There are 2 protein chains.
Amino acid sequence: MAKLSSVQQKFILHWGEMGTRWGINRTVAQMHALIFISPKPLNAEEIADTLVVARSNVSNSLKELQGWGIVKRVHVLGDSRDHFESMKDVWEMFRVVLDERKKREIDPTVALLRDCVAEAHKDKETDEYTEQKLKELADFFDVTTAWYGQIRQWPTGALTKFVKAGDKIRKLLGIGG
Amino acid sequence: MAKLSSVQQKFILHWGEMGTRWGINRTVAQMHALIFISPKPLNAEEIADTLVVARSNVSNSLKELQGWGIVKRVHVLGDSRDHFESMKDVWEMFRVVLDERKKREIDPTVALLRDCVAEAHKDKETDEYTEQKLKELADFFDVTTAWYGQIRQWPTGALTKFVKAGDKIRKLLGIGG
DNA sequence: CTGTCATTTCCGTATTCACAGAACTTGCTT
DNA sequence: AAGCAAGTTCTGTGAATACGGAAATGACAG
């Protein structure tokens with residue numbers, strides 16, 4: 001994988017750009033792309049050579065990816081160096097990322113919103129309207145996270161079934177469409 | 001709203017941080033927070049004064065927010081200046097943002113992935129495994145976007161019903177849990 | 001114990017991005 | 001038609017972040 005094919009390059013560059021759009025460092029995302037499409041575990045040097053970035057950069061970015069839980073350190077027989085491979089299943093990979101983002105970002109946000117609502121209710125300076133809007137936001141996150149909590153444990157493939165069952169679901173819930 | 005209450009400040013700052021985590025400029029997110037919790041439409045100067053940022057910055061950020069479709073220009077009787085207000089309904093607001101992100105980021109990604117898969121299938125340099133993984137990614141996005149296409153048109157409140165109907169849904173889809 | 005290889009940490013530089021202020025444009029008012 | 005107010009665009013500066021290279025640490029073999 002030292003030399004990338006045109007297709008591999010295209011994908012890795014695009015994935016890097018996607019990363020930046022979602023608050024993920026470009027090279028972290030590129031590294032993830034590379035490891036994800038690699039048929040075999042890669043060591044740090046291979047990664048650095050392939051993407052033309054410094055070893056130190058690779059080291060830090062690998063730690064980041066492992067922090068997200070989507071890349072794991074593995075060992076290759078007869079090679080003392082650390083190797084890295086990606087979580088293989090796409091569905092599980094996104095589930096892991098979403099779980100992590102929920103933990104890091106959504107949960108603290110809901111907590112803060114609840115605090116704000118409580119405080120706003122007491123103080124005199126905060127407008128009634130503001131309090132209402134913050135409450136709506138908090139409720140929104142509560143519902144969506146509860147809902148995510150349900151579907152996250154569906155087996156892979158259930159979502160496809162769900163899409164196909166569209167009408168039935170609507171009837172079951174008694175909603176228009 | 002020229003002077004912010006402690007609660008308002010806390011929320012606006014947090015929302016700004018959240019923005020950066022999701023690839024949105026901090027002050028753009030702060031401005032959105034401010035406009036969202038404001039009981040009345042705000043003009044550019046008020047926003048600049050309240051958040052202590054330059055008018056030019058406000059002008060650009062407002063354009064950005066309008067580009068996302070979650071802030072609109074409105075007029076106030078007896079005032080020639082432009083005023084701005086946020087989309088009021090939280091659910092619709094997030095629907096709009098998700099639609100936009102799908103259009104800007106997901107759709108082009110799927111298109112690129114399909115290109116990559118097709119090209120990889122022809123060329124000799126790209127590993128079979130890589131092709132397989134890219135296909136899985138593309139399929140993943142196809143299913144999730146189709147699924148989003150369904151629930152995005154559910155009326156507000158349907159998601160709550162959905163959460164409560166958890167078991168029934170699972171049975172209907174014939175999946176374990 | 002010593003030397004080698006792999007990895008991580010540290011630090012200064014470089015690149016990128018955000019932003020303020022000025023210049024410019026538009027449109028209204030008289 | 002000149003002046004003013006509001007809004008936008010442009011440009012240089014500053015801050016934040018990313019990154020490369022050097023130094024340090026750790027792991028192992030002889």
Side-chain angles (χ1 to χ4, degrees), chain A residues 2 12-13 15-35 40-68 71-85 104-105, chain B residues 2 12-35 40-68 71-85 104:
Chain A
I12 289 169
L13 290 175
W15 206 241
E17 291 313 309
M18 279 291 283
T20 64
R21 299 258 191 162
W22 291 87
I24 308 232
N25 179 284
R26 179 179 284 110
T27 44
V28 170
Q30 288 181 349
M31 279 181 44
H32 171 243
L34 171 64
I35 297 171
K40 62 171 189 45
L42 301 172
N43 65 53
E45 205 176 339
E46 285 175 308
I47 297 170
D49 289 351
T50 308
L51 298 180
V52 198
V53 291
R55 277 287 305 275
S56 56
N57 203 352
V58 170
S59 177
N60 288 323
S61 299
L62 280 171
K63 246 191 349 193
E64 177 84 9
L65 285 169
Q66 288 173 91
W68 282 98
V71 161
K72 283 188 206 119
R73 206 160 49 156
V74 294
H75 286 99
V76 172
L77 261 154
D79 194 332
S80 68
R81 291 170 297 182
D82 293 345
H83 286 65
F84 300 88
E85 67 178 16
R104 295 185 190 187
E105 292 146 19
Chain B
I12 289 169
L13 290 175
H14 182 88
W15 206 242
E17 292 312 311
M18 279 291 283
T20 64
R21 298 258 191 165
W22 292 87
I24 307 229
N25 178 283
R26 178 178 286 112
T27 44
V28 169
Q30 288 181 350
M31 278 180 44
H32 171 242
L34 171 64
I35 297 171
K40 64 170 184 49
L42 301 173
N43 64 52
E45 204 177 337
E46 286 174 308
I47 296 169
D49 290 351
T50 309
L51 297 180
V52 198
V53 292
R55 278 288 305 277
S56 57
N57 203 353
V58 170
S59 177
N60 288 323
S61 300
L62 280 172
K63 246 192 348 194
E64 177 84 8
L65 286 170
Q66 288 173 91
W68 281 98
V71 161
K72 282 187 207 122
R73 207 161 46 158
V74 294
H75 286 99
V76 173
L77 261 154
D79 194 332
S80 68
R81 292 171 296 181
D82 293 344
H83 286 66
F84 300 88
E85 67 178 15
R104 295 185 189 188

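Computed from a predicted model, the values in this text were never measured in an experiment.
Bounding nucleotides for the chain B contact on DNA chain D, 5' to 3', at a heavy-atom distance below 4.0 Å, are dA6(D) to dT9(D).
Listed here is the closest heavy atom pair of G19(A) and A29(A): CA-CB, 4.0 Å. In this structure, W15(A) and A33(A) approach most closely via the heavy-atom pair CD1-CB, 3.5 Å. Here the closest heavy-atom approach between residue E85(B) and residue P41(B) is recorded as OE1-CG, 3.8 Å. Pairing each heavy atom of M31(A) with each of V58(A), the nearest pair is CE-O, 3.7 Å.
Spacing between atom CG of D49(A) and atom P of dA6(C) amounts to 12 Å, rounded to whole angstrom units. Rounded to an integer number of Å, the gap from L42(A) CG to dA6(C) C1' is 16 Å. Across the protein-nucleic acid pair, N25(B) atom CG and dT16(C) atom P stand 18 Å apart, rounded to whole Å. Between the CD atom of E45(A) and the C1' atom of dT7(C) there is a distance of 12 Å, rounded to whole Å. Regarding L62(A), its CG atom lies at a distance of 9 Å from the P atom of dT7(C), rounded to whole Å. Protein atom CD of E17(A) is 13 Å distant from nucleotide atom C1' of dT16(C), rounded to whole Å.
A donor-acceptor pair is defined here as one N or O able to donate and one able to accept, closer than 3.5 Å; no such pair exists between the side chain of D79(B) and the backbone of H75(B). Judged purely by atom type and a 3.5 angstrom limit, E17(B) has no side-chain atom pairing as donor or acceptor with the backbone of H14(B).
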Could you run down the sub-3.5 Å N/O contacts of the protein with nucleotides 21-23 of chain C?
residue : atom : partner : partner atom : Å
dG21(C) : N7   : S56(B)  : OG           : 3.4
dG21(C) : O6   : S56(B)  : OG           : 2.9

I'd like a list of close polar pairs between nucleotides 26-30 of chain C and the protein, N/O only, cut-off under 3.5 Å.
none

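The line from CG of L42(B) to NZ of K40(B) is 5.0 Å long, rounded to the nearest 0.5 Å.
No contact: V28(A) has no heavy atom under 4.0 Å from any strand.
Contact annotation: the side chain of E46(A) never approaches that of F84(A) to less than 4.5 Å [non-hydrogen atoms, C-beta and beyond]. Here the side chains of I12(B) and L51(B) are in contact, with some heavy-atom distance below 4.5 Å. In this structure the side chain of D82(A) never reaches within 4.5 angstrom of the side chain of L62(A), judged on heavy atoms.
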Report task. Show your reasoning for whether side chain to side chain contact (heavy atoms under 4.5 Å, CB included) applies to N25(B) and E64(B). Result -> CA-CA 10 Å; N25(B) 178 283; E64(B) 177 84 8; over 6 Å; no
